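Down below is the structure, laid out as structure tokens.
The structure displayed is predicted, hence computed values, not measured ones.
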Amino acid sequence: MKRITILFLLLLLFSTKSFSAQGFTQEDRERLVRLEAALKVFMEQVDKRFKEFREDVNKRFEQIDKRFEQVDKRIMELRLDMNKRFEQVDKRFSELRMDMNKRFEQVDKRFEQVDKRFEQMIKFLWIISGIFTTLTAVVIGFAYWDRRTIIRKARDEAIEEIEKEGRLRDLIRALRKLSEEDRRLAEVLRSFGLL
């Protein structure tokens, strides 16, 4: 159980390191808190199950102890029938051993099922991490591409505007030069405040 918990915490540690390059957000923090709470609830449930199992085993042993006491009383009371009673006790022991072996086999099978379930959960978390990483990379790539195209378009528009403005200045200079020879043109330029 400790081994599974350690593996799960290591998974969380490595997955948070992969997100640190993009920044650890409040949403990530809340997600970790929820995940930790879910893990805590799960651990409490497992502990509760083990406690119930222990109580059940203790009850079984108490029942077995009561049976042994009855067998001991009978042995003391019926010494003449001692051999027969010992055979019955041996038989009961072998049945009890077989029953306990069956129960231990069932417990072993249950542990194997729990281990398989943890493996499935870990695989699922890796898949979710991969999907999240892929989506994050795609969104960042799209944002970069969109930003580049907008900046390129704005730069081209700015260059066009500068070129238009530069030609306009050249035109005004040319008209000023002409206005030195042509008075009518000089008056028009003065009226517009260009001279």
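Remark: E44 CD to K51 NZ distance equals 12.0 Å, nearest 0.5 Å. The distance from the CG atom of D146 to the CD1 atom of I151 is 9.5 Å, given to the nearest 0.5 Å. The line from CD of Q63 to CG of D65 is 10.0 Å long, rounded to the nearest 0.5 Å. Distance CZ/F61 to CG/L96: 7.5 Å, rounded to 0.5 Å. Here E30 contributes atom CD and D28 contributes atom CG; the two are 9.5 Å apart, rounded to the nearest 0.5 Å. In this structure, D47 CG and M43 CE are separated by 6.0 Å, a value rounded to the nearest 0.5 Å.
By the rule that hydrophobic residues join a cluster once side-chain heavy atoms approach within less than 4.5 Å of another member, V139 and F132 end up as members of separate clusters. Placement of F93 and V57 within a single hydrophobic cluster is found when ILVMFWY residues are connected by side-chain heavy-atom separations under 4.5 Å, directly or transitively. Under the 4.5 Å side-chain heavy-atom criterion for ILVMFWY residues, a single connected hydrophobic cluster contains both F104 and F53.
Under the 3.5 Å distance criterion, the side-chain polar atoms of D56 are left unmatched by any main-chain donor or acceptor of E52.
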Could you pull out all donor-acceptor pairs under 3.5 Å where a side-chain atom in residues 173-189 meets a protein atom, sequence neighbours excluded?
| residue | atom | partner | partner atom | Å |
| --- | --- | --- | --- | --- |
| R176 | NE | L194 | O | 2.5 |
| R176 | NH2 | L194 | O | 2.7 |
| S179 | OG | R176 | O | 2.5 |
| D182 | OD1 | R184 | N | 3.4 |

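Taking the six-membered ring where tryptophan is involved, the planes of F111 and F50 are essentially parallel, since the angle between them stays under 30° and well short of 60°.
With respect to the salt-bridge test (charged N to carboxylate O, under 4.0 angstrom), the residues E27 and R31 qualify.
You'll find the side chain of N101 reaches within 4.5 Å of the side chain of R97, heavy atoms only. Put simply, the side chain of V71 reaches to within 4.5 Å of the side chain of R92, judged on heavy atoms. Here the side chains of Q26 and R29 are in contact, with some heavy-atom distance below 4.5 Å.
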side-chain contact (heavy atoms from CB on, under 4.5 Å) between Q45 and K48: does it pass, once the steps are laid out?
CA-CA 5 Å; Q45 289 174 352; K48 182 180 176 185; 5.5 Å; no
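Residues R110 and Q113 bring a donor and an acceptor atom of their side chains to less than 3.5 Å of each other.
Pairs passing the ring-ring contact (aromatic ring centres under 6.0 Å, His included) check and including a residue from residues 172-195, sequence neighbours excluded, do not occur.
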